[in-house]
Amino acid sequence: MKRFVLAAGFFVILLFLWELAFRLKIWSPVLLPAPEQVASYLKSSAADGTLVSATLITMRRLLIGYFVGLIGGLPLGLLTARWNLFRDTIGTMALGLQTLPSVCWVPLALLWFGQTETAMLFVVVMGTLWSVIIATETGVRNVPPIYRRAALTMGSKRLHIWLKVILPAALPFIVSGMKQGWAFAWRSLMAAEIFVTILTGFGLGQLLHYGRELSAMDQVIAIMLVIVVIGLLADKIVFSPIEKFLHRRWGTSQA
Amino acid sequence: MRRRAGRSSATRELEVIAPSKLMIDNVSKSFQSASGTVLALDRVSLNVAEGEFVCLVGASGCGKSTLLNIIAGLEKPDSGTVFADGKPVTQPGRERLVMFQEPALFPWLDVLGNVLFGLKLKPNLTNKDRRDIAKYYLELVGLSRFEHANIHELSGGMKQRVALARALAPNPRVLLMDEPFAALDALTREQLYGDIQQIWESRRKTIVFVTHNVREAACLGDRVLVFSPHPGRIQEEFLVKLPRPRDINSVDLAAHATRIRKSLKSFSQPEATVAE
């Protein structure tokens, strides 16, 4: 409770400083709108449905791309951990492409797929896939060999060992890879939405883009806030509980 | 251990099954190391009777753990064969379960889940049977109250008890123990010596127990085999005919231990150390 009050106080002070900066007219109101203006944009855009539909479109793209990345990345990561052939080929490629900032995929996607949903999806998948592959491989390689030996003596074999021993043992790594993949997917989607203007739906990135075109700073800041809040919620609702569970089970928790 | 481990709904699975007899025939195994080829085992032959408790003692690196792994089927010998009940051992299997020096428990499962792991791989049991059996063995090692505990919450001694329950649960005919108590404190170890003897008598297993601790070997084994290193060979054999349960601190046992230690020292290099 005390922590909650302190945290709430922190954000109230932040808001207050913002308001203060606006009232003192340090910057032009075009560049720094009042908190109230941002709030009223949020209210009106929520009321006329733009915000909700943009959020839904963005989330849909994000989730599809993310899950495609996961579904591709997990098995590929397992393969690279299991066979050197895959490690030397796909593993090396993943390592290289993982260092490529995902926004760098946008020009290529635009030329290949044009202004389409496919281009968007492609960028998100490229942002997710490689880090999931790397995390899965690292996780599997870090499984203590003794687990495998113990399982072998108990009659566990091949697929059973992979599903019931290696995979769960690598879970902490895999989850942190999934989290990283999520962050990458989110970033790459925003990059894609800002650069790719397609007619199949306006996402949050496009709202951001048009906010800039119209010099509507209240819109820009409001959409940025929405993006931040979605990121926070994903962490608190999806990843935090999983990580807490892992910490409890593995005994690696700090609090 | 301290409570009576009896249960009315004892399934057939819990009935004691005949322990195995092992025959190790002329087994050799060498490893490549930085300093060249090391002959870990040099034509080792050994018979273990049904239900016998055999201890292998020797300094670190004398090949005793390698022999255990070969019996388990986790490693293959370069030449020679291990027979369990007359059948050659070619792969690991639940008839011969291993207890390692580290508990090797799975941190993603709770205590009960760990004990159930091997049981789930055993066919012809219902899930209720499996749970009953797992609980029976947890009671046997005195950890009933901890069945839903996470592994990291247990002490070292408790972890090894869980590992013991997990190894016993699929009702193996042979239990292979690789210095299972080496990492524990002396008090916990003494408690476990009592427990393991009692379990051995009640559950009738053939046990091959590897240790570098001479007293431990004399306390537990019907027979103690002394290994010499480089190349790994069985140097000498001692019969320990003391009544059970044996107390590790008894004077008779100390006398046996002294004889065994003398044998160990006769061929140990000066730097090789053997624990008390």
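So you know, we letter chains A, B, ... as the sequences are listed, proteins then strands, and number each from 1.
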**Student:** Using a cut-off of 6.0 Å, state whether more than 12 heavy atoms not belonging to Met224(A) lie near its atom CE.
**Tutor:**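 For Met224(A), atom CE is not crowded (no more than 12 foreign heavy atoms under 6.0 Å).
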**Student:** Is it the side chain or the backbone of Asp110(B) that comes within 4.5 Å of chain A heavy atoms, both, or neither?
**Tutor:**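 For Asp110(B), the contact with chain A is made by backbone and side chain together.
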**Student:** Between Glu50(B) and Arg204(B), is there a side-chain N and carboxylate O pair less than 4.0 Å apart?
**Tutor:** no
**Student:** Using the ring of each side chain (for Trp, its six-membered ring), is Phe113(A) parallel, tilted or perpendicular to Phe122(A), with breaks at 30° and 60°?
**Tutor:**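 Rings of Phe113(A) and Phe122(A): tilted, as their planes differ by 30° to 60°.
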**Student:** Going by an N to O cut-off under 4.0 Å, is there a salt bridge joining Arg141(A) and Glu137(A)?
**Tutor:** yes
**Student:** If you measure from the Lys or Arg side-chain nitrogens to the Asp or Glu carboxylate oxygens, is any gap between Lys64(B) and Glu179(B) under 4.0 Å?
**Tutor:**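 Salt bridge: yes.
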**Student:** Side chains of Asn69(B) and Arg149(A): is there a donor and an acceptor less than 3.5 Å apart?
**Tutor:**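 Present: a donor and an acceptor within the cut-off.
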**Student:** What part of Glu153(B) lies closer than 4.5 angstrom to a heavy atom of chain A: side chain, backbone, both or neither?
**Tutor:**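 Nothing of Glu153(B), per the 4.5 Å heavy-atom cut-off to chain A.
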**Student:** With a 4.5 angstrom heavy-atom cut-off, which part of Leu176(B) approaches chain A: side chain, backbone, both or neither?
**Tutor:** neither
**Student:** Check whether Lys157(A) gets within reach of chain B through its side chain, its backbone, both or neither, counting any heavy atom under 4.5 Å.
**Tutor:** side chain
**Student:** Looking at Ala149(B), Ala72(B), Pro92(B), Ala167(B), which has the largest count of heavy-atom pairs under 4.5 Å with chain A?
**Tutor:**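 Between Ala149(B), Ala72(B), Pro92(B), Ala167(B), the count favours Pro92(B).
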**Student:** Using a cut-off of under 4.5 Å for heavy-atom pairs, which of Pro144(A), Ala151(A), Ala169(A), Gly155(A) has the most such pairs with chain B?
**Tutor:** Ala169(A)
**Student:** Heavy-atom pairs under 4.5 Å with chain A are the metric here; pick the option from Leu109(B), Leu121(B), Val98(B) that has the most.
**Tutor:**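 Ranked by contacts with chain A, first place is Leu121(B).
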